[in-house]
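Reviewing the structure listed below.
We're numbering straight along the sequence, starting at 1.
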Amino acid sequence: WHIVWASLLRMSHSKAVRQISAGIGRVASAGGKQVCVWSESGALGWDAQADKYEVTNVLAHSSGRVLTSGSFGTVCVFDDGGKLLASSTDERSPPGGLFELADGRVLVGLDEYEDVRLVDLETALLDPLEAQGEQSRALEIKQRGDEVASLGPAAGIVRWSLASKAFLSRVMGPPGEALGFVGETLAFSTTAKGCAIWQTADGSLVHEIAIADVRAGSASADGKRVAMHCKLGVVVVDVASGKQERSLDYGPFPRLTKFSSDGSRLAVVFDKGQASTIAIVDLATGNEATTWRGSQ
């Protein structure tokens, strides 16, 4: 886990990098017109031009393939050596986030709409699910059996059947901007008072936590903790109780956070001067276990 974040640091200080994706033993980055894949040691494995315009999203797929989406609706699929296998372009569709489902299929969400499409890994062609068009991009995707749920920042959760591609239901959360899923049954959002944790089944409020000016956040894989990005830095919240566990002074507004697989540590990426820095924090003590600083 430390090694992957060390290689992430090598990329995160570059202003050209738009997105990263951690796969099995590698990290893929996208930015400008390029896609790059890095090993766990931080060595560059390969890089390739993914689009003649701008590459905005990348996915390190479990099969070893790497997918990108970019300007003018271009989607590319590369093999594990960087060879372009297929690409497709739909100029009507702005590029969106790429999400791998539990069964290995890939969905791409559109940046301006919450509509999602299945990506064919052989041809890169897009197969739409029933359109909703609620002007809200997909932040996260979850799959349960034949059902897939898309979480959008303003339009709540939309569910589809993967078998029929039909729209099933919509759930609106509390007023505010959704930020992500928490475990299997919860989501978290910004609110006027700070942030909220709510039920994905019906949008009902579980906790509202007073944290000034929350703008982003992340959840641990086990659904026990949420890290909220705010002006002062990072506030770590216990999901079960809604209480604030830790306040970490990495403000204002750290770039991103990532929990370790067991939820005991938190990596915080924040800007310090001209460079980006990663701090690995032991959440039991609040102390930094390791710190890396990027080049200027």
Side-chain angles (χ1 to χ4, degrees), residues 4 7-8 10-40 42-129 131 133 136-143 148 150-152 160 162 165 256:
V4 170
S7 63
L8 185 158
R10 296 175 185 231
M11 297 173 288
S12 64
H13 66 78
S14 169
K15 296 185 185 303
V17 173
R18 295 288 299 273
Q19 195 187 48
I20 57 171
S21 175
I24 300 173
R26 66 217 166 101
V27 175
S29 67
K33 300 178 182 179
Q34 298 294 115
V35 56
C36 303
V37 174
W38 310 73
S39 70
E40 284 190 339
L44 178 64
W46 57 265
D47 69 292
Q49 181 166 318
D51 199 345
K52 59 182 178 181
Y53 299 107
E54 186 80 7
V55 184
T56 52
N57 301 278
V58 64
L59 172 66
H61 193 266
S62 60
S63 66
R65 298 182 180 186
V66 173
L67 289 81
T68 65
S69 64
S71 299
F72 297 97
T74 299
V75 173
C76 298
V77 181
F78 296 86
D79 68 12
D80 57 7
K83 178 183 177 182
L84 179 64
L85 298 177
S87 67
S88 67
T89 299
D90 183 350
E91 294 186 1
R92 300 167 298 174
S93 304
L98 294 155
F99 307 92
E100 182 174 0
L101 302 180
D103 61 11
R105 284 185 285 183
V106 174
L107 284 174
V108 58
L110 307 185
D111 267 3
E112 291 184 358
Y113 302 96
E114 68 184 8
D115 301 333
V116 294
R117 303 183 183 193
L118 286 163
V119 180
D120 189 309
L121 292 178
E122 301 300 324
T123 64
L125 295 175
L126 307 182
D127 187 8
L129 278 64
S136 180
R137 70 189 185 280
L139 292 175
E140 283 193 54
I141 298 286
K142 267 192 178 294
Q143 180 186 9
V148 65
S150 170
L151 178 68
W160 290 269
L162 286 171
K165 302 173 189 174
L256 59 103

(request) Just jot down the side chain to side chain donor-acceptor pair (under 3.5 Å) partners of T89, sequence neighbours excluded, or say none. (result) T74
(request) Any pair with a residue in residues 116-129 that passes side chain to side chain donor-acceptor pair (under 3.5 Å), sequence neighbours left out, goes on the list, sorted by first then second residue, please. (result) R65-E122, D90-R117, S93-R117, D127-K165
(message) If the test is side chain to side chain contact (heavy atoms under 4.5 Å, CB included), which one of V66, V27, L44 qualifies with V37?
(response) V66
(message) F78 and side chain to side chain contact (heavy atoms under 4.5 Å, CB included): which single residue from L67, L85, T68 fits?
(response) T68
(request) Mind checking the CG-OG spacing from L126 to S88? Nearest 0.5 Å is all I need. (result) 4.5 Å
(request) Decide yes or no on side chain to side chain contact (heavy atoms under 4.5 Å, CB included) for R26 and D80, but give the supporting numbers first. (result) CA-CA 11 Å; R26 66 217 166 101; D80 57 7; 5.7 Å; no
(message) To check you understand the geometry: which heavy-atom pair defines the closest contact between C76 and A50, and what is its length?
(response) SG-O, 2.8 Å
Could you tabulate the donor-acceptor pairs under 3.5 Å formed by side-chain atoms of residues 97-109, not counting sequence neighbours?
from, atom 1, to, atom 2, distance (Å)
E100, OE1, S62, N, 3.1
E100, OE2, H61, NE2, 3.3
E100, OE2, S62, OG, 2.5
D103, OD1, R105, N, 3.1
D103, OD2, R105, NE, 3.0
D103, OD2, R105, NH2, 2.9
D103, OD2, Q143, NE2, 3.2

(message) For I141 versus A138, what's the shortest heavy-atom pair and its separation?
(response) CD1-CB, 4.3 Å
(request) Could you tell me which non-hydrogen atom of V77 sits nearest to which non-hydrogen atom of L121, and how far apart they are? (result) CG1-O, 3.6 Å
(message) Can a donor-acceptor pair be found, under 3.5 Å and without considering hydrogens, that links the side chain of S21 to the backbone of A28?
(response) no
(request) Measure the CD-OG distance between E140 and S150 for me, rounded to the nearest 0.5 Å. (result) 10.0 Å
(request) State, to 0.1 Å, how close V58 and A30 come at their nearest heavy-atom pair, and which atoms those are. (result) CB-CB, 3.7 Å
(message) For Q34, give me all partners under side chain to side chain donor-acceptor pair (under 3.5 Å), at least two apart in sequence or on another chain.
(response) D47
